[in-house]
K.L.:
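Provided herewith is a single structure, encoded as structure tokens, for subsequent inquiry.
Start at 1 and go down the list; that is how both ligands and their atoms are numbered.
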Amino acid sequence: MRSHKLFLSALLVLVLAFTSILFVAHAQDSSGAGLTIGFAQTGSESGWRTDFTNAMMSEAEAMGINLLFSDGQQKQENQIAALRSFIAQGVDAIILAPIVETGWDDVLQEAADAEIPVLIIDRGVTADPSLYITRVASDFVYEGRLAGAWLATATADRASCNVVELYGTVGSSPAIDRATGFADAIALFPQIQIIASQSGDFTRSGGKTVMESFLSSMDPSTICAVFAHNDDMLIGAIQAMEEAGITPAVDILTVSVDATNDELQMLIDGKANATVLLSPYMGGPAYQAIIDYLGGAELPPLIMVPSAMYFQDTAAAELANRTGG
Ligand code: GYE
């Protein structure tokens with residue numbers, strides 16, 4: 001009789017343990033139902049940024065997350081104000097896509113004081129990593145290296161190759177890191193030199209203006225290639241080249257970053273040579289990281305999204321794949 005009771009209570013303990021395991025597992029599944037997350041976006045400077053915003057919204061909806069969206073309109077002060085308003089509203093978590101690297105310490109500390117977790121997405125910050133739970137991003141240095149390595153291969157039979165660089169937003173981590181990665185890669189090939197570099201602020205109009213000034217301040221026939229920190233600046237530069245009677249991708253080689261649909265079309269049309277993919281689908285992993293964190297999980301300091309490269313002969317298949325065509 002006694003052993004029977006013992007057996008029953010042991011069974012009860014087992015059942016309880018098992019259900020609590022199930023409960024924990026359930027708490028960490030992909031449902032974000034009931035969570036309110038504030039998202040401070042940089043603005044809408046590029047086609048990639050629009051794709052990223054749209055992906056953030058649809059991924060939130062798919063996971064049942066109530067996303068509060070703030071468009072920073074390219075100003076850090078607007079983003080800081082958005083964070084303060086999210087803190088005042090008592091959101092469950094904040095996602096910050098920072099425009100520049102520096103200047104976030106105070107507001108991140110305010111979120112920490114209010115015990116609201118902050119996740120950094122896309123561009124990086126220089127703030128103390130203990131002030132945010134993780135960062136979801138791609139490796140911008142690697143993207144620059146891929147671009148440089150591609151150019152080295154494409155110009156392997158040339159005695160020299162002078163490059164003009166369309167630099168991203170000054171002080172932003174992708175501009176700093178892509179420039180570093182590209183410079184690292186071409187350092188192995190002394191015949192490749194950057195002869196001019198100027199910021200086009202990641203915008204189409206900025207890229208066009210900078211390319212126009214390059215083309216008028218030097219002999220265009222001495223320019224071998226353009227490295228643009230994003231597709232939009234390159235698309236502006238392509239316009240500038242065409243208006244100046246230069247055939248892009250033939251007279252001047254191009255390599256850029258993002259692989260937006262518009263840029264894939266440029267590759268298909270033979271107006272560009274290569275682009276490095278920056279995935280806009282970072283919302284899913286970011287929301288999941290927040291759910292895991294709130295469920296008590298330890299997060300890695302960086303959650304990386306993978307990259308890829310597209311060329312004139314692979315762009316059509318990728319575009320068809322995206323548009324279901
Ligand atoms: O490449 C560019 C955008 O922050 C890495 O920002 C991102 C960059 C992206 O505007 O198109």
K.L.:
Distance-only, no hydrogens or angles: does the Ser199 side chain make a donor-acceptor pair with backbone N or O of Gly168 under 3.5 Å?
P.N.:
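Judged by distance alone, yes, a pair lies under 3.5 Å.
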
K.L.:
How far is atom 2 (C) of ligand 1 from its nearest protein heavy atom, and which residue and atom is that?
P.N.:
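Result for atom 2 (C) of ligand 1: Asn230 ND2, 3.5 Å.
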
K.L.:
Check each heavy atom of Leu278 against ligand 1 and say whether those closer than 4.0 Å belong to the side chain, the backbone, both or neither.
P.N.:
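Just the side chain.
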
K.L.:
How close does the nearest protein non-hydrogen atom get to atom 6 (O) of ligand 1, and which residue and atom is it?
P.N.:
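Checked against all protein heavy atoms, atom 6 (O) of ligand 1 sits closest to Arg123 NH2, 2.8 Å.
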
K.L.:
Which of the listed options, Thr50, Asp51, Asp122, holds the heavy atom that is closest to atom 7 (C) of ligand 1?
P.N.:
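Minimum heavy-atom distance to atom 7 (C) of ligand 1 goes to Asp122.
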
K.L.:
Can you see whether His229 engages Glu143 through a side-chain donor-acceptor pair at a distance of less than 3.5 angstrom?
P.N.:
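Checked: His229/Glu143 side chains show no N/O donor-acceptor pair below 3.5 Å.
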
K.L.:
With heavy atoms only and a cut-off of under 4.0 Å, state how Arg178 meets ligand 1: side chain, backbone, both or neither.
P.N.:
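Looking at Arg178 and ligand 1, just side chain atoms fall under 4.0 Å.
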
K.L.:
What pairs with Tyr281 under side chain to side chain contact (heavy atoms under 4.5 Å, CB included), at least two apart in sequence or on another chain?
P.N.:
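With neighbours one apart ignored, the set is Ala55, Glu59, Ser279.
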
K.L.:
What I want to find out is whether Arg204 reaches Asp262 closely enough, with some N-O distance under 4.0 Å, to be called a salt bridge.
P.N.:
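Yes, Arg204 and Asp262 are salt-bridged.
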
K.L.:
What are the atoms of ligand 1, with element, lying closer than 4.0 Å to any heavy atom of Trp48?
P.N.:
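Ligand 1 atoms under the 4.0 Å threshold to Trp48: 3 (C), 7 (C), 9 (C), 11 (O).
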
K.L.:
For a side chain to side chain donor-acceptor pair (under 3.5 Å) with Asp231, tell me which candidate from Thr275, Asn261, Thr254 qualifies.
P.N.:
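For Asp231, the side chain to side chain donor-acceptor pair (under 3.5 Å) check succeeds only for Thr275.
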
K.L.:
Counting from 1, what ligand 1 atoms have a heavy atom of Glu45 closer than 4.0 Å?
P.N.:
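Here the atoms of ligand 1 in question are 3 (C), 6 (O), 10 (O).
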
K.L.:
Do Asp71 and Arg49 meet the salt-bridge criterion of a basic N to acidic O distance under 4.0 Å?
P.N.:
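Answer for the salt bridge query: no.
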
K.L.:
Side-chain donor-acceptor pair under 3.5 Å between Thr260 and Asp258, yes or no?
P.N.:
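There is no such pair between these side chains.
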
K.L.:
Counting each atom of ligand 1 from 1 as listed, which ones have a heavy atom of Ser46 under 4.0 Å away?
P.N.:
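Matching atoms, with element in brackets: 2 (C), 3 (C), 10 (O), 11 (O).
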
K.L.:
With the threshold set at under 4.0 angstrom, would you say Phe140 reaches ligand 1 through any of its heavy atoms?
P.N.:
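Under 4.0 Å: yes for Phe140.
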
K.L.:
Any heavy atom of Asp258 closer to ligand 1 than 4.0 angstrom?
P.N.:
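A heavy atom of Asp258 does come that close to ligand 1.
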
K.L.:
Quick check on contacts: which atoms of ligand 1 are under 4.0 angstrom from a heavy atom of Pro174?
P.N.:
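Counting from 1, the qualifying ligand atoms are 4 (O), 5 (C).
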
K.L.:
Less than 3.5 Å apart, any donor N or O on the side chain of Gln109 or Asp113 sitting next to an acceptor on the other?
P.N.:
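Their side chains do contain a donor-acceptor pair, which is all the 3.5 Å distance test asks for.
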
